[in-house]
Amino acid sequence: MLGFSYDWEREVDTTDPGYFKWTQWIFLVLFDTWYDYDKKKGRPISELPIPPDVHAKGESAVRAYRDGKRLAYQAEVPVNWCSALGTVLANEEVIDGKSERGNHPVIRMPLRQWLLRITAYAERLLDDLANVDWPDPIKKMQHDWIGKSEGAEVDFDLPPSPSGRGVGAEGGPARKIRVFTTRPDTLFGATYMVLAPEHPLVDVITTEKQKPAIEAYKKQAASKSDFERTELAKKKTGVFTGAYAINPVSNEMIPIWIADYVLVSYGTGAIMAVPAHDERDFEFARAFKLPIRPVVLPPREWFEKTEVFKTIVSMGVDSRFKAPLEGKSDHLAETLHKFEADIVEKVAQTWQTQGADAHKIIDNLYRQSIELFEECYCDEGTAINSGPFNGQTTAQFKREITDWLEKDGKGQRKINYKLRDWLFSRQRYWGEPFPILHELDAAGQPTGAIEPLTLSELPLLLPQVEDYKPTGNPEPPLAKAKAWLEVTKNGKRYRRETNTMPQWAGSCWYYLRYLDPKNEQAFCAPAKLQRWLSVDLYVGGAEHAVLHLLYSRFWHKVLFDRGHVPVAEPFQRLVNQGMILGETDYHVDAAVYEKNRSVIEKLGLQVVRVKDEESEICLLRNPSAAGKFAPLTEEQIAKERGQTLLKGTDIELVGRADKMSKARGNVINPDDVVNEYGADSLRLYEMFMGPLEAVKPWSMRGVEGVYRFLNRVWRLVIDDRLENVKLLDAVQDVEPDKETMRILHHTIQRVTHDLDTMSFNTAISAMMELTNHLTKQTVRPRSVMKTFMLILSPFAPHLAEEIWNALTVPPSPSGRGVGGEGTLAYEPWPTYDESLLKADTIEVPVQINGKVRGKITVAADITKEGLEAAARSDERIKSQLEGKTIKKVIVVPGKLVNLVVA
RNA sequence: GCCGAAGUGGCGGAAUGGCAGACGCGCCGGACUCAAAAUCCGGUCCCCGCAAGGGGGUGUGGGUUCAAGUCCCACCUUCGGUACCA
């Protein structure tokens with residue numbers, strides 16, 4: 001309807017078996033691929049080298065080894081299980097540990113899931129961002145989402161304990177706790193450790209005495225969602241395990257705690273805490289009175305910003321510190337708060353031994369009494385309290401200590417990513433079934449062996465089931481389809497996978513299917529991939545910045561590695577279109593409304609109450625026919641001293657354009673707009689509103705504006721007084737005059753350029769200017785009008801075609817061409833002639849001290865010298881220069897003259 | 001808190017460091033009309049002035065420059081995203 005020229009032959013439907021056959025096939029490709037970190041490439045699982053010791057253990061060990069390396073693998077992952085609803089919930093569906101619907105308790109429990117090893121591709125997903133033409137903010141979001149950080153893994157040994165508990169008491173291998181840190185240089189400052197509550201070692205190391213507290217804390221943590229654990233836990237919580245570990249550099253025994261600010265899913269699920277140089281550790285240490293040891297000396301500027309420094313300076317270093325020393329401390333203690341009194345005492349001590357230099361004093365305070373500082377220093381600096389490494393810069397220290405750790409076998413360099421593997425299964429009925437079989441033994445129990453279906457067995461359809469409600473236990477609904485579930489193949493019994501794939505699966509690769517939507521032999525013919533990829537331009541919302549766009553890139557790279565697509569990146573250029581908001585609408589606060597209720601009612605206004613998270617507002621509207629959106633008009637608004645008031649009252653209004661929504665009743669239905677103004681008007685208005693990327697409010701008056709423009713264009717060519725479509729007599733086969741040619745070619749240039757940059761709004765204004773010029777002409781050359789229609793056609797295709805037809809087809813009873821005659825669809829895009837763009841004369845502003853004081857009209861090709869002379873000799877300028885000396889003259893040929901005077 | 005984007009007339013918005021406000025909406029005046037709608041023509045950033053002309057002006061405060069909406073520094077506001085990533 002809007003003339004988008006979509007090729008409906010290429011329509012795809014991700015839920016069609018002909019489509020998801022290939023979604024399942026791609027899953028099989030993922031299943032059949034392992035990532036070779038040396039070659040930085042996904043390779044067939046058959047090429048995976050099997051270590052001899054694995055080989056020696058036999059077939060099932062080899063199989064397990066392979067399964068552990070595949071890009072599609074199974075793992076136990078905690079999910080939000082709501083037993084009352086009998087289903088697994090998404091994070092958004094859980095509020096305060098209760099289900100959004102029904103408010104039933106939700107617990108996190110581990111469940112077998114399929115995951116995709118996107119983390120293997122993290123480095124390439126990061127690197128290849130450099131090769132695509134995407135908006136920088138989106139690139140940055142992906143960059144941060146992947147979240148690469150370089151550091152070291154360090155092992156903290158657990159001491160042998162007299163009780164025999166802890167340290168591998170049950171013969172387990174765990175004699176150490178491994179942590180990841182980006183700041184190995186702060187190792188000397190690690191004064192305690194924290195494990196995530198879910199960390200497997202927690203149960204092993206916890207002492208008998210601490211068991212009840214630890215258990216209680218773990219239970220509490222399990223009932224919180226990820227969101228709450230992070231969002232709500234502003235205050236640090238945690239419990240001591242009773243166990244200690246050995247700091248590998250200082251050989252100190254440091255306590256091990258558990259706390260939910262440490263996430264089990266990042267790094268190793270355990271941290272070394274350096275409270276002096278990490279915000280979170282600092283807060284935690286303060287809350288639980290754990291020792292804080294500074295190991296990085298901040299630069300002076302940091303000290304000078306701290307409260308401690310300000311306190312010292314405000315008290316005066318030189319004289320006043322004698323006071324407490326001379327027995328007047330009672331008086332001082334009364335007047336200073338505790339914090340300051342502490343400082344006074346410490347400063348006094350330092351002052352005695354070190355002298356009165358404020359910087360020296362503060363340096364000493366920092367090294368010895370860091371508790372006095374209200375914040376911690378987390379940037380780089382110079383090493384202190386770090387044994388042989390003292391005095392080193394952070395970068396140097398990091399390098400050397402990592403080398404030392406590696407040499408001693410206590411740690412190693414390590415790169416970590418925030419990006420996690422992609423949880424790819426859902427416990428729902430709707431979704432693509434996994435093309436996977438689980439082998440069963442004679443007793444009908446899974447053996448652990450998994451068997452992929454072959455391409456010839458695809459698509460695997462969803463079974464018909466009586467109901468697709470949850471099963472009431474964590475088993476997905478497909479488990480109820482008994483007939484579908486069990487399969488015998490090559491004499492072996494199998495059970496089908498009962499999880500289904502998420503929504504993302506189908507949308508991850510649809511751009512490839514567009515190229516060859518009906519192909520039954522392949523997801524797409526290689527020649528077509530070669531011909532079309534990569535996608536030249538992808539227009540989409542910014543909400544897909546990280547998830548969809550990252551998932552698609554990942555799948556594409558796997559397909560690339562396996563030789564199924566010819567390029568490494570799917571989308572060459574990406575543009576985020578902005579959202580179109582509803583029309584500007586005025587509201588008052590609910591409280592303001594209640595107060596002024598009678599006044600507002602007297603004006604006959606309608607009120608729509610809208611509640612959001614924080615507040616309730618009352619939208620004020622005009623009464624209108626059922627369902628019609630009628631916001632206040634400008635006549636009903638008064639603006640005074642920067643305030644917006646409801647006219648005739650002192651009620652302050654807030655005017656704002658909001659997202660279109662049913663609740664607000666401000667939804668614009670495109671069908672209505674098309675009925676009233678036509679498809680070209682709707683299309684043109686959307687392009688004229690403003691930059692494509694910007695969020696913009698809708699305006700019905702704006703639609704009328706472009707509608708009027710299209711009418712003017714029509715009347716430029718067509719005699720609208722007649723019933724039939726008939727050319728105006730003004731349209732003639734004559735040579736255009738010079739000025740018209742110049743404007744026409746300038747318009748072609750502007751429209752061509754603006755289309756490239758997708759600045760549709762300015763392209764349209766250029767054509768409006770052309771129209772304004774042509775309207776004034778009594779003779780309108782046919783050639784000019786034809787060219788105009790060609791550049792107008794991408795913006796208003798229907799109208800441009802109609803006019804083109806009238807311009808090119810001789811009058812006939814029907815007035816229309818036949819058989820492709822009289823269409824502009826196949827005409828080439830017009831080109832512009834540079835030489836026609838230049839006007840004979842131009843107007844150039846003349847500035848004096850940067851202010852425009854006059855304008856001169858000169859030949860377009862005037863020389864720099866000529867321009868300056870013309871400026872100086874202009875009467876107005878001359879009179880203004882009287883009695884002044886020109887100190888400097890700036891002449892920009894064709895642009896301006898600026899005379900700088902004393 | 002952090003990250004990102006944006007602040008320009010009554011409104012949507014234009015301006016490779018070079019005449020701020022193109023184009024459109026709205027508004028004002030005029031033409032056409034018995035009248036209205038539609039259409040056409042002219043005007044429309046603010047202040048002083050009859051005018052010629054002058055002064056001010058792109059969120060706020062500084063800075064760079066002959067020249068700043070545009071570049072730099074600090075801040076304010078709005079919108080969007082994100083959540084302790086060691």
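Convention: sequence-line order gives letters A, B, ...; per-chain numbering from 1. Quantities reported herein were computed from a predicted structural model and do not represent experimental measurements. Computation of the quantities below employed the complete heavy-atom set of this structure, encompassing side-chain atoms and omitting hydrogens, waters and symmetry-equivalent molecules.
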Spacing of [atom1] belonging to [X] relative to [atom2] belonging to [Y], to within rounding of 0.5 Å:
X	Y	atom1	atom2	value
A/Thr775	A/Leu770	OG1	CG	9.0 Å
A/Asp585	A/Leu632	CG	CG	7.5 Å
A/Thr268	A/Asp155	OG1	CG	9.0 Å
A/Leu125	A/Leu549	CG	CG	11.5 Å
A/Ser765	A/Met767	OG	CE	8.5 Å
A/Ser699	A/Met689	OG	CE	8.0 Å

Strand partner of [N], provided both Watson-Crick or wobble distances fall under 3.5 Å:
N	answer
B/C45	B/G56
B/C71	B/G63
B/U39	B/A31
B/G1	B/U82
B/U77	B/A6
B/C11	B/G24

Using whole Å, what does the distance between atom [atom2] of nucleotide [N] and atom [atom1] of [X] come to?
X	N	atom1	atom2	value
A/Leu728	B/C40	CG	P	13 Å
A/Lys139	B/A5	NZ	P	14 Å
A/Tyr707	B/A38	OH	P	11 Å
A/Ile271	B/A86	CD1	P	11 Å
A/Asp185	B/A86	CG	C1'	13 Å
A/Lys140	B/C3	NZ	C1'	6 Å
A/Arg280	B/A83	CZ	C1'	12 Å
A/Lys895	B/A15	NZ	C1'	10 Å

Exercise for the section: Could you classify B/G9 for me, syn or anti, using a glycosidic angle within 90° of 0 as syn? Expected result: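 Here the answer is syn: the torsion falls within 90° of 0.
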Exercise for the section: Mark up nucleotides 50-55 of chain B, 5' to 3', with B wherever a protein heavy atom is under 4.0 angstrom from a base atom, S wherever such an atom reaches only the sugar-phosphate, and - elsewhere. Expected result: ---SSS
Can you figure out which of [options] approaches the side chain of [X] most closely?
X	options	answer
A/Pro137	B/A5, B/G18, B/A14	B/A5
A/Pro845	B/C66, B/C19, B/C84	B/C19
A/Val262	B/C41, B/G13, B/A86	B/A86
A/Met141	B/A86, B/G13, B/G81	B/G81

Handout entry: Contacts of type salt bridge (Lys or Arg N to Asp or Glu O under 4.0 Å), residue A/Lys855, not counting sequence neighbours
Key =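 For A/Lys855, no residue satisfies salt bridge (Lys or Arg N to Asp or Glu O under 4.0 Å) once neighbours in sequence are set aside.
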[atom1] atoms of [N] and [M], separation to the nearest Å:
N	M	atom1	answer
B/G10	B/U16	P	24 Å
B/C66	B/C19	C1'	16 Å
B/G63	B/G57	P	14 Å
B/U77	B/U8	C1'	15 Å
B/U64	B/C73	C1'	11 Å
B/A14	B/C28	P	27 Å
B/C11	B/G17	P	27 Å

Exercise for the section: Using a cut-off of strictly less than 4.0 Å, decide whether A/Lys855 has a side-chain nitrogen or oxygen near OP1 or OP2 of B/C19. Expected result: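 So the side chain of A/Lys855 is outside the cut-off, no N or O lying under 4.0 Å from OP1 or OP2 of B/C19.
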Handout entry: Side-chain N or O of A/Arg715 closer than 4.0 Å to phosphate OP1/OP2 of B/C40
Key =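 It does, given that an N or O in the side chain of A/Arg715 lies less than 4.0 Å from OP1 or OP2 of B/C40.
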Table of protein N/O atoms under 3.5 Å from nucleotides 20-30 of chain B N/O atoms:
unit_1	atom_1	unit_2	atom_2	d
B/A22	O2'	A/Glu769	OE2	3.2
B/G24	OP1	A/Asn772	ND2	3.3
B/C25	OP1	A/Arg708	NE	3.2
B/C25	OP1	A/Arg708	NH2	3.0
B/G26	OP2	A/Arg708	NH2	2.7

Students often get this wrong, so: under 4.0 angstrom with heavy atoms, is [X] touching a base, only sugar-phosphate, or nothing?
X	answer
A/Ser149	sugar-phosphate
A/Glu843	base
A/Met767	nothing

Give me the distances for all protein-to-nucleotides 42-49 of chain B N/O pairs that come in under 3.5 Å?
none

Exercise for the section: Please say which of A/Asp185, A/Thr181, A/Thr186 ends up in a side chain to side chain donor-acceptor pair (under 3.5 Å) with A/Arg183. Expected result: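 It is A/Asp185, the one option of A/Asp185, A/Thr181, A/Thr186 that forms the side chain to side chain donor-acceptor pair (under 3.5 Å) with A/Arg183.
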Problem - Donor-acceptor pair present, A/Lys236 side chain and B/C84 base, under 3.5 Å - result: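 Flag set: donor-acceptor pair detected.
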Exercise for the section: Decide whether a cation-pi geometry holds between A/Lys236 and A/Phe288; the criteria are a distance under 6.0 Å from NZ or CZ to the six-membered ring centre and an angle within 45° of the ring axis. Expected result: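 Pair A/Lys236/A/Phe288 does not count as cation-pi.
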Exercise for the section: May I ask you to check whether over 12 heavy atoms, not counting those of A/Lys148, lie within 6.0 Å of atom NZ? Expected result: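 For A/Lys148, atom NZ is crowded (more than 12 foreign heavy atoms under 6.0 Å).
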Between side-chain atoms of residues 847-854 of chain A and protein atoms elsewhere (two or more places apart, or another chain), which donor-acceptor pairs fall under 3.5 Å?
unit_1	atom_1	unit_2	atom_2	d
A/Asn849	OD1	A/Val901	N	3.0

Exercise for the section: Run the ring-centre check on A/Phe284 versus A/Tyr192 and record whether the distance is less than 6.0 Å. Expected result: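 Between A/Phe284 and A/Tyr192, the centre distance is under 6.0 Å.
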Handout entry: Residues which pass side-chain contact (heavy atoms from CB on, under 4.5 Å) with A/Lys414, listed by chain and number, not counting sequence neighbours
Key =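 Applying side-chain contact (heavy atoms from CB on, under 4.5 Å) to A/Lys414 gives A/Glu153, A/Phe180, A/Asn416.
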